[in-house]
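Reviewing the structure listed below.
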2 protein chains.
Amino acid sequence: MSQTPPNPGAAREPAMTDVARLAGVSHQTVSRVLNGHPNVREQTRLRVRAAIEQLGYRPNRAARTLATGRSQLLGVVAQNSTLFGPSSLLAAFELAAASRGFVVSVRRVRVLDRGSIAEAVDHHLEQRAAGIVVIAPTAAADEALAAVPPDIPLVAVDGDPARGDTLVTVDQQEGARLATRHLLDAGHRTVWHVSGPSEWFDAADRERGWRLALEEAGAEVPPVSPADWSAASGYRAGLLLARMPEVTAVFAANDHLALGILRAMSERGRAVPGDVSVVGFDDVPEAAYFIPPLTTVRPDFATVATETLDVLLSCMSGEPTASTRRTITPTLVERASVAAPRG
Amino acid sequence: MSQTPPNPGAAREPAMTDVARLAGVSHQTVSRVLNGHPNVREQTRLRVRAAIEQLGYRPNRAARTLATGRSQLLGVVAQNSTLFGPSSLLAAFELAAASRGFVVSVRRVRVLDRGSIAEAVDHHLEQRAAGIVVIAPTAAADEALAAVPPDIPLVAVDGDPARGDTLVTVDQQEGARLATRHLLDAGHRTVWHVSGPSEWFDAADRERGWRLALEEAGAEVPPVSPADWSAASGYRAGLLLARMPEVTAVFAANDHLALGILRAMSERGRAVPGDVSVVGFDDVPEAAYFIPPLTTVRPDFATVATETLDVLLSCMSGEPTASTRRTITPTLVERASVAAPRG
DNA sequence: TCGCCGATTGTTAGCGCTATCACCCTGCTC
DNA sequence: GAGCAGGGTGATAGCGCTAACAATCGGCGA
């Protein structure tokens with residue numbers, strides 16, 4: 001616990017008063033210069049800036065936060081995963097926030113249950129975060145959000161589409177529909193689906209979109225092959241599908257599942273796209289280099305991130321913004337894993 | 001700018017004095033309870049805890065930071081990438097830090113140049129971060145580190161192996177050696193290399209390890225195929241290598257490059273591992289489902305993260321720790337992309 | 001010439017917490 | 001029974017900043 005011993009040799013960090021003394025003004029004037037207050041004489045401003053430079057002065061954010069009651073801190077609660085979607089989103093958000101002058105503090109949770117999320121949100125509240133983003137793709141996560149005080153700006157990403165409140169999400173359903181439609185349009189009688197874990201809203205919605213597209217087209221709705229998001233589970237599901245000659249088209253809930261399916265098909269001697277067409281979801285950077293290059297659905301995570309920041313900032317400013325819900329529609333990326341069925 | 005208008009209706013967040021009043025003690029006693037100070041009567045402690053509970057009191061970290069001069073904040077500077085290595089590392093670090101009660105604030109930079117990094121570090125210093133981690137895989141990043149004041153605890157990850165100071169890194173060279181050796185041991189005359197971008201230490205070290213292994217074995221050192229980390233560039237390099245019949249073994253600087261190579265070989269009708277053996281680096285979760293399953297080198301990112309935290313904390317406590325450098329040795333994961341060369 | 005106004009600057013009082021010291025009790029020793 | 005150690009508690013002074021108001025200085029119209 002013996003942090004930084006007294007150490008009388010090393011001078012403490014310069015504070016505002018030090019700058020003030022050097023510039024021959026009051027500390028308040030320094031504050032004014034720092035905050036771009038208009039009524040400061042140009043000459044004074046320059047003198048203060050010079051003093052700041054000379055001392056290498058750095059304002060103390062903690063003091064400012066204490067004095068103003070608000071911080072420049074944005075808290076994010078995310079799951080401990082390296083899944084492509086969430087991590088791209090997070091990276092994009094951090095970048096966007098930084099460019100707007102915010103600091104992003106990330107709190108990872110091991111599992112998305114009520115307790116963990118509540119605890120994570122709490123930590124951000126202790127920091128007096130100006131706003132909070134929760135990447136909440138499961139029902140348990142969404143429930144936990146109900147528990148946070150309503151006066152603090154909070155945006156859910158990939159949360160419950162039925163959620164009334166602030167929410168930014170990818171239109172999973174439409175994406176899935178696009179994929180399914182694409183396969184039907186290629187001439188397939190129906191499309192099989194390897195789904196993500198059902199407790200994820202993303203997965204449920206993709207399944208819903210797939211089902212809807214089939215029903216709209218009057219196609220038979222085959223049973224879903226349940227999986228998690230991993231290539232391993234895609235492989236297992238693929239092994240089964242490969243045994244069934246009537247399977248000619250598969251929509252996988254994400255690209256890694258699709259990769260597993262691709263390998264299962266290859267092992268079983270089912271050619272893609274000759275015998276079976278496959279479509280994925282996410283457009284991971286490697287998807288274009290799968291064998292064969294994967295046709296997939298691309299959600300624009302950068303847009304999700306900027307929209308999230310946008311909604312959060314407008315919540316923070318308290319203005320009843322036009323809409324606190326944003327939906328980003330993904331696009332289909334056609335590559336070489338889809339073809340017309342044989343015969 | 002008109003943040004939270006006066007709003008006399010909504011009571012402000014309860015502060016320590018409110019708890020004190022309710023519990024019938026001084027605010028100082030509340031502070032003592034909160035900080036686990038020994039000299040508080042059990043009965044008082046309980047009364048205070050009850051009051052805290054009742055008011056939903058949350059300590060204000062900014063005030064504490066201001067009063068103590070130190071924070072519970074760990075700053076991380078990372079590049080804006082979704083590359084598997086850095087993002088796994090980051091996620092693991094965030095998790096480890098959270099479990100030790102620290103808040104992690106991440107600042108992404110678009111490019112790893114001096115200016116950006118200096119600016120990012122500066123922001124963390126303004127927050128009075130207790131420690132800083134820089135994921136600095138390039139020379140420019142490492143240079144920028146030289147500029148930060150030496151009294152603030154800073155750990156570089158994946159930085160310049162020649163760096164004198166605190167550094168945690170994966171033993172890239174040894175990993176590359178493992179991979180190359182594995183291919184030579186399988187009977188290949190020599191091993192070709194598709195490298196990462198040369199300004200990355202990781203890439204340079206992997207290349208070095210490969211070269212060393214070849215030289216040790218007295219094998220010919222073929223020219224390096226330069227690439228970035230992407231599957232796309234791996235594919236381009238692979239297309240070239242596929243044309244050369246003498247190429248029977250390739251070590252790719254990461255798994256995504258290997259994926260691109262796999263596809264190039266497949267397109268060119270060169271069987272893997274029948275005609276050409278391939279080894280990657282990173283062991284991304286999907287690697288086991290490439291066609292064929294990829295033999296690769298696995299760095300343990302979770303360990304890198306915990307070691308990083310460890311070094312950082314010991315720097316922070318000021319104790320001249322045993323070692324401020326940690327090197328994590330990766331392991332070889334054998335799958336199906338390596339075989340003996342034909343006849 | 002007087003007084004008023006606006007531009008510029010200084011003064012003062014907190015923000016919510018910790019550190020430090022002073023204070024009050026016990027229970028004990030001599 | 002006076003004195004003393006030490007556990008338990010309160011009072012006070014900041015930490016470095018911003019907000020609100022006060023003060024000062026010109027210049028200008030009346």
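Proteins come first, then strands; the chains are lettered A, B, ... in the order of their sequence lines, and each starts at number 1. This structure is a prediction, so every number in the text was calculated from the model and none was measured.
In this model, the phosphate group of C:dG10 is approached by a side-chain N or O of A:T29 to a distance below 4.0 Å at OP1 or OP2.
Residues from residues 48-65 of chain A placing a heavy atom under 4.0 Å of any atom in DNA chain D, listed by number, are A:Y57, A:P59, A:N60, A:A63, A:R64. Of the residues in residues 32-41 of chain B, those lying under 4.0 Å from DNA chain C by heavy-atom distance are B:N35.
Note on the helix from C:dT1-D:dA30 to C:dC30-D:dG1: terminal axis deviation equals 60°, with five pairs used at each end and the result rounded to 10°.
With D:dG16, D:dG10, C:dG16 as the choices, the nucleotide that has an atom nearest any side-chain atom of A:A67 turns out to be D:dG16.
Distance alone, capped at 3.5 Å, is enough to place a donor-acceptor pair between the A:S87 side chain and the A:L83 backbone.
Judged by closest nucleotide on DNA chain C, A:E42 is the one of A:E42 and A:R128 placed further toward the 5' end. When each of B:T44 and A:L66 is assigned the nucleotide of DNA chain D with its nearest heavy atom, B:T44 is the one assigned upstream, toward the 5' end. Looking at which nucleotide of DNA chain D each of B:H27 and A:V30 is closest to, the 5′-most match is held by B:H27.
Applying the ring-ring contact (aromatic ring centres under 6.0 Å, His included) criterion to A:F301, with sequence neighbours excluded, gives A:F84.
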Which side-chain N or O atoms in residues 126-137 of chain A pair as donor and acceptor under 3.5 Å with protein atoms at least two apart or in another chain?
residue: A:E126; atom: OE1; partner: B:R61; partner atom: NE; Å: 2.7
residue: A:E126; atom: OE1; partner: B:R61; partner atom: NH2; Å: 2.6
residue: A:R128; atom: NH1; partner: A:L125; partner atom: O; Å: 3.0
residue: A:R128; atom: NH2; partner: B:R58; partner atom: O; Å: 3.4

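Listed by first then second residue, pairs satisfying salt bridge (charged side-chain N to carboxylate O under 4.0 Å, His left out) with a partner in residues 91-110 of chain A read A:E94-B:R108, A:R100-A:D310, A:R107-A:E119, A:R108-B:E94, not counting sequence neighbours.
Using a 4.0 Å heavy-atom cutoff across all strands shown, A:S26 reaches at least one base atom of the nucleic acid.
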